[in-house]
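Worksheet: one structure, shown below.
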Amino acid sequence: MQTVGLGSPDGAITSNTKMESVLVGLGSPDGAMQEYTMRWSRMRKTVEIKPIETGLIRSSISSAKFDAKTGKGGAIEKVILNNVSGAAFPSEVLALMGPSGSGKTSLLNALSGRSAYDFGVITI
């Protein structure tokens, strides 16, 4: 397996690395396709949930603990991906399955470089 990465000296792709820059040059000089295994480990992503101060769904069903009268409380941090690891091998089908809100799209967005993640390592 060849590790390709531009994000850090050890070849790992960090959260600041754009996937487009990593995928450039993965073919061989003669134009033949090469097979690569993509691995990710200890992926962690959090989001900040800000209180809803106006509108119909104000504090009645909002999960953020915010007291509108006193102004105390504020944004809370929610863990979207918590130490997720896995691998995608050549010539195999990979399925991500889970209930709504379990982080499937968040994982794919982090792996593809569409969104940042807080911690983890991606190798190709």
Side-chain angles (χ1 to χ4, degrees):
M1 180 181 81
Q2 178 185 2
T3 300
V4 178
L6 303 174
S8 64
D10 64 354
I13 301 169
T14 63
S15 62
N16 296 329
T17 306
K18 286 292 185 186
M19 206 52 146
E20 297 87 25
S21 60
V22 175
L23 295 178
V24 172
L26 289 183
S28 63
D30 62 359
M33 259 328 246
Q34 294 183 4
E35 294 184 346
Y36 292 92
T37 299
M38 182 177 197
R39 298 177 194 272
W40 56 94
S41 61
R42 301 180 310 276
M43 298 289 293
R44 182 174 173 83
K45 179 179 176 72
T46 57
V47 295
E48 188 177 282
I49 300 175
K50 296 181 182 178
I52 301 171
E53 298 176 12
T54 61
L56 296 175
I57 55 171
R58 207 156 76 178
S59 61
S60 61
I61 60 174
S62 165
S63 63
K65 305 294 184 218
F66 181 76
D67 187 355
K69 292 179 183 176
T70 64
K72 294 185 179 180
I76 60 172
E77 193 172 85
K78 182 174 182 180
V79 177
I80 303 297
L81 300 174
N82 190 14
N83 293 324
V84 177
S85 299
F89 299 99
S91 304
E92 291 188 6
V93 175
L94 175 68
L96 280 175
M97 297 171 57
S100 296
S102 62
K104 301 176 298 291
T105 303
S106 297
L107 175 62
L108 289 174
N109 286 338
L111 292 175
S112 67
R114 291 185 63 182
S115 68
Y117 53 94
D118 301 327
F119 182 82
V121 178
I122 302 171
T123 56
I124 299 176

Quiz item: What closest approach, in Å, do Met38 and Ile122 show between heavy atoms, and which atom pair accounts for it?
Solution: CE-CG2, 3.6 Å

Exercise. Side-chain contact test, heavy atoms from C-beta onward, threshold under 4.5 Å: evaluate it for Leu111 versus Trp40 and give yes or no.
Key: yes

Using residues 75-89 as the side-chain source, report each donor-acceptor pair under 3.5 Å to any protein atom, sequence neighbours left out, with the distance given to one decimal.
residue : atom : partner : partner atom : Å
Asn82   : OD1  : Arg44   : NH1          : 3.0
Ser85   : OG   : Arg42   : N            : 3.0

Self-check item: Taking every non-hydrogen atom, the tightest pair across Lys45 and Ala116
Solution: NZ-O, 2.9 Å

Contacts under 3.5 angstrom, residues 93-110 side chains, donor-acceptor by atom type, not counting sequence neighbours:
residue : atom : partner : partner atom : Å
Ser102  : OG   : Pro99   : O            : 2.8
Lys104  : NZ   : Gly98   : O            : 3.0
Lys104  : NZ   : Pro99   : O            : 2.9
Asn109  : ND2  : Thr105  : O            : 3.4

